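One-based numbering along the sequence shown. In this text, all values refer to a predicted model and were calculated from it rather than measured experimentally.
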Amino acid sequence: GGVTLLLATDIRVAGTGATFGLSEVKRGIIAANGGTQRVAAQLPYPIAMEMLLTGDPMDAETAGRWGLVNKVVAPDQVMATAMAYARKVAANAPLALQASKELAIRSRDLDLNSGLRMEALIARLLRETEDAEEGPAAFAAKRKPEFKGR
């Protein structure tokens, strides 16, 4: 169940000794709760199928190489690295973050032209926000932006 949960996250950090597997087939069940769907969408097909059909674990370095995790660090640096990612994300404009994630997720179910139209509409809406004024103003003033989510 851990990898199935991991597959539902956006940014992933692993310790060097971590292993990742979808071992459910070794127990007579499947990687449910989206496991079979997300692994095939997020990894190259042969790698996803190897995980699903053999149930064998993958080490952290291999997981990093295939993009299952963003970064592999020493075990004692996992939380600090994850928090550094969280701080970077939290420092950005909330409405732009929300829209970026929404568009990235929804685009999986759309053809490119429909996705581009939706992106253009959202970009137009975001240009009218206070945060869209604050970002360039802070950049020009060489200061950190103070986003409000408005």
Side-chain angles (χ1 to χ4, degrees), residues 1-127 129-132 134-135 144-150:
V3 171
T4 300
L5 181 59
L6 174 113
L7 291 167
T9 64
D10 297 322
I11 299 174
R12 305 157 188 169
V13 179
T16 52
T19 59
F20 303 89
L22 295 169
S23 59
E24 287 84 351
V25 294
K26 292 183 176 195
R27 290 160 184 79
I29 58 176
I30 63 167
N33 298 316
T36 62
Q37 306 304 295
R38 289 185 175 117
V39 75
Q42 295 178 28
L43 294 178
Y45 181 80
I47 303 306
M49 295 311 293
E50 180 179 348
M51 290 185 77
L52 285 170
L53 301 179
T54 69
D56 290 343
M58 175 185 296
D59 63 45
E61 288 73 24
T62 303
R65 186 171 59 249
W66 289 115
L68 184 61
V69 297
N70 296 75
K71 192 174 278 194
V72 178
V73 298
D76 64 344
Q77 292 300 307
V78 170
M79 188 57 71
T81 304
M83 291 303 294
Y85 270 121
R87 283 189 291 279
K88 283 181 181 184
V89 171
N92 292 319
L95 296 175
L97 285 170
Q98 182 180 8
S100 294
K101 182 170 177 174
E102 185 75 21
L103 287 163
I105 291 169
R106 293 215 183 268
S107 70
R108 292 176 158 180
D109 298 325
L110 298 173
D111 62 88
L112 180 59
N113 286 332
S114 297
L116 290 172
R117 281 195 302 276
M118 188 183 320
E119 182 181 79
L121 174 63
I122 298 300
R124 195 172 322 124
L125 292 171
L126 285 175
R127 279 195 292 268
T129 66
E130 291 176 26
D131 284 352
E134 172 61 12
K144 283 185 151 186
E146 295 179 28
F147 296 118
K148 306 281 192 238
R150 299 189 288 244

Peer 1: How many angstroms lie between CD in Glu102 and CG in Leu95, if you round to the nearest 0.5 Å?
Peer 2: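 Rounded to the nearest 0.5 Å, the CD-CG separation comes to 12.5 Å.
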
Peer 1: Please report the shortest heavy-atom distance between Ala104 and Ser107, naming the atom on each side.
Peer 2: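 Result for this residue pair: O-OG, 2.9 Å.
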
Peer 1: Measure from the side-chain N and O atoms of Ser23 to the backbone N and O of Lys26, and report whether any donor-acceptor pair falls under 3.5 Å.
Peer 2: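 No: the side chain of Ser23 does not pair with the backbone of Lys26.
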
Peer 1: Measure the CG-OG1 distance between Asp56 and Thr19 for me, rounded to the nearest 0.5 Å.
Peer 2: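 Result: 11.0 Å between the selected atoms.
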
Peer 1: Go through the steps to decide whether Val25 and Leu53 satisfy the test side chain to side chain contact (heavy atoms under 4.5 Å, CB included), and finish with yes or no.
Peer 2: CA-CA 7 Å; Val25 294; Leu53 301 179; 5.7 Å; no

Peer 1: What do you reckon, is CG of Asn33 surrounded by more than 12 foreign heavy atoms closer than 6.0 Å?
Peer 2: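 Not more than 12 within 6.0 Å, no.
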
Peer 1: Working note: Lys148 + Glu134, criterion side chain to side chain contact (heavy atoms under 4.5 Å, CB included); need CA distance, chi angles, decisive distance, verdict.
Peer 2: CA-CA 9 Å; Lys148 306 281 192 238; Glu134 172 61 12; over 6 Å; no

Peer 1: Quick check: are there more than 12 heavy atoms from other residues, nucleotides or ligands sitting under 6.0 Å from CD of Glu61?
Peer 2: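 Atom CD in Glu61 is packed in, count exceeds 12.
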
Peer 1: Could you go through residues 68-85 and list every donor-acceptor pair under 3.5 Å that involves a side-chain atom there, pairing it with any protein atom two or more places apart or in another chain?
Peer 2:
unit_1: Asn70; atom_1: OD1; unit_2: Arg12; atom_2: N; d: 2.7
unit_1: Thr81; atom_1: OG1; unit_2: Gln77; atom_2: O; d: 2.7

Peer 1: What is the minimum heavy-atom distance between Ala48 and Ala40, and which atoms define it?
Peer 2: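 Looking at all heavy atoms of both residues, the closest pair is CB-CA, 3.8 Å.
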
Peer 1: Measuring from atom CG of Leu112 to atom CZ of Arg117, what distance do you get when rounded to the nearest 0.5 angstrom?
Peer 2: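 Answer rounded to 0.5 Å: 10.0 Å.
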
Peer 1: Rounded to the nearest 0.5 Å, what separation is found between the CG atom of Leu7 and the CE atom of Met51?
Peer 2: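 Between Leu7 CG and Met51 CE, I get 7.0 Å after rounding to 0.5 Å.
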
Peer 1: List the steps, then state whether side chain to side chain contact (heavy atoms under 4.5 Å, CB included) holds for Leu52 with Glu24.
Peer 2: CA-CA 8 Å; Leu52 285 170; Glu24 287 84 351; over 6 Å; no

Peer 1: Please lay out, stage by stage, how Val89 and Ile11 fare under the test side chain to side chain contact (heavy atoms under 4.5 Å, CB included).
Peer 2: CA-CA 10 Å; Val89 171; Ile11 299 174; 4.1 Å; yes

Peer 1: Below 4.5 Å, heavy atoms only, C-beta onward: do Ile47 and Met58 meet side chain to side chain?
Peer 2: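 Contact flag for Ile47/Met58 side chains = yes.
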
Peer 1: With a 6.0 Å cut-off (strictly less than), is the heavy-atom count around CD of Gln42, excluding the residue itself, greater than 12?
Peer 2: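 Enclosed: over 12 neighbouring heavy atoms sit under 6.0 Å from CD of Gln42.
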
Peer 1: Using a strict threshold of under 4.0 Å (side-chain N to carboxylate O), is an ion pair present between Asp10 and Lys101?
Peer 2: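 So Lys101 pairs with Asp10 through a salt bridge.
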
Peer 1: Do you know which two heavy atoms are closest between Ala31 and Leu22, and how far apart they sit?
Peer 2: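 Heavy atoms of Ala31 and Leu22 come nearest at CB-CD2, 3.9 Å.
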
Peer 1: Does any non-hydrogen side-chain atom of Pro44 lie less than 4.5 Å from one of Trp66?
Peer 2: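 A side-chain contact under 4.5 Å exists here.
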
Peer 1: Which heavy-atom pair separates Phe147 from Pro94 by the least distance, and what is that distance?
Peer 2: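 Looking at all heavy atoms of both residues, the closest pair is CB-CD, 3.7 Å.
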
Peer 1: Working to the nearest 0.5 Å, report the span between CD of Glu119 and CG of Leu103.
Peer 2: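 Rounded to the nearest 0.5 Å, the CD-CG separation comes to 6.0 Å.
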
Peer 1: Might you point out which heavy atoms bring Ala14 and Ala60 nearest each other, and give the distance in Å?
Peer 2: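 Closest pair (atom of Ala14, atom of Ala60, distance): CB-CB, 4.4 Å.
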
Peer 1: Could you tell me the separation between the CZ atom of Arg106 and the OG atom of Ser114, rounded to the nearest 0.5 Å?
Peer 2: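 That separation rounds to 13.0 Å.
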
